[in-house]
Amino acid sequence: AANRVELWLLSSFRASPGTRVALLPEGRRPPLAGITRDGEHGTVTLVGRAAGAELLDALRPLLAREGIPVLRGSAEEGCVSVEVAQAQLLPALALLHGAYLANGTDEG
């Protein structure tokens, strides 16, 4: 983090600290840096330099195979969001976290 301030994001899965945020040089930045959910809008969002239209195209069949239809999706540079039914928000979050971010140290 800037100015050597340590930042922790809240976990999306439980009421505790989750991912530690760190400022990394471009060459060490991961393709995807994080995932979040918005319960009000029923969206799950992946962020990072690999987030774009190609990733959105990959998310739709991955979620569909697990019985989670994508109601709407959007892709911008560095950010991909999918909208799912409210009842499927946490299963979608867990699936995408496991598929794209789980590495043994990330808590979500």
Side-chain angles (χ1 to χ4, degrees):
N3 300 316
R4 300 184 190 259
V5 173
E6 192 168 277
L7 270 176
W8 287 88
L9 302 178
L10 292 177
S11 173
S12 296
F13 301 105
R14 57 185 170 272
S16 65
T19 304
R20 184 174 63 89
V21 177
L23 183 61
L24 296 173
E26 184 64 33
R28 291 190 48 219
R29 287 179 50 215
L32 293 170
I35 188 169
T36 188
R37 65 181 161 98
D38 180 337
E40 184 177 331
H41 295 102
T43 57
V44 176
T45 302
L46 285 156
V47 295
R49 57 187 169 85
E54 187 176 310
L55 178 61
L56 178 59
D57 289 343
L59 297 182
R60 292 177 191 274
L62 175 64
L63 289 162
R65 280 192 299 274
E66 297 299 320
I68 305 172
V70 173
L71 306 176
R72 204 170 314 168
S74 65
E76 300 175 26
E77 184 179 342
C79 179
V80 171
S81 295
V82 291
E83 181 183 341
V84 299
Q86 286 290 332
Q88 296 175 321
L89 185 59
L90 289 178
L93 176 71
L95 174 67
L96 297 180
H97 182 274
Y100 291 100
L101 294 169
N103 62 16
T105 59
D106 185 17
E107 294 286 333

Sub-4.5 Å side-chain heavy-atom contact between R60 and V82
no
Considering non-hydrogen atoms only, spot the tightest contact between P69 and Q88 and give its length.
CD-OE1, 3.5 Å
Value rounded to 0.5 Å, distance of CD1 in I68 from CG in L93
10.0 Å
Euclidean distance, R72 CZ relative to H41 NE2, rounded to 0.5 Å
10.0 Å
Distance (rounded to the nearest 0.5 Å) between L32 CG and H97 NE2
11.5 Å
Identify every side-chain donor-acceptor pair in residues 43-54 under 3.5 Å, counting partners at least two apart or on other chains, and give the distances.
from : atom 1 : to  : atom 2 : distance (Å)
T45  : OG1    : S81 : OG     : 2.7
R49  : NE     : R29 : O      : 3.2
R49  : NH2    : R29 : O      : 2.5

Scanning both residues in full, the closest heavy-atom pair of A99 with L62 reads CB-CD2, 3.9 Å
Determine the minimum heavy-atom distance between V80 and A75, stating which atoms define it.
CG2-CB, 4.2 Å
Within a radius of less than 6.0 Å around CD of E76, do more than 12 heavy atoms belonging to other residues, nucleotides or ligands occur?
no
Measure the CG-CG distance between D38 and L89 for me, rounded to the nearest 0.5 Å.
8.0 Å
Quick one: CD1 on I35 to CG on L96, what's the gap to the nearest 0.5 Å?
5.0 Å
Note: V84 and A92 closest approach over all heavy atoms is CG2-CB, 4.2 Å
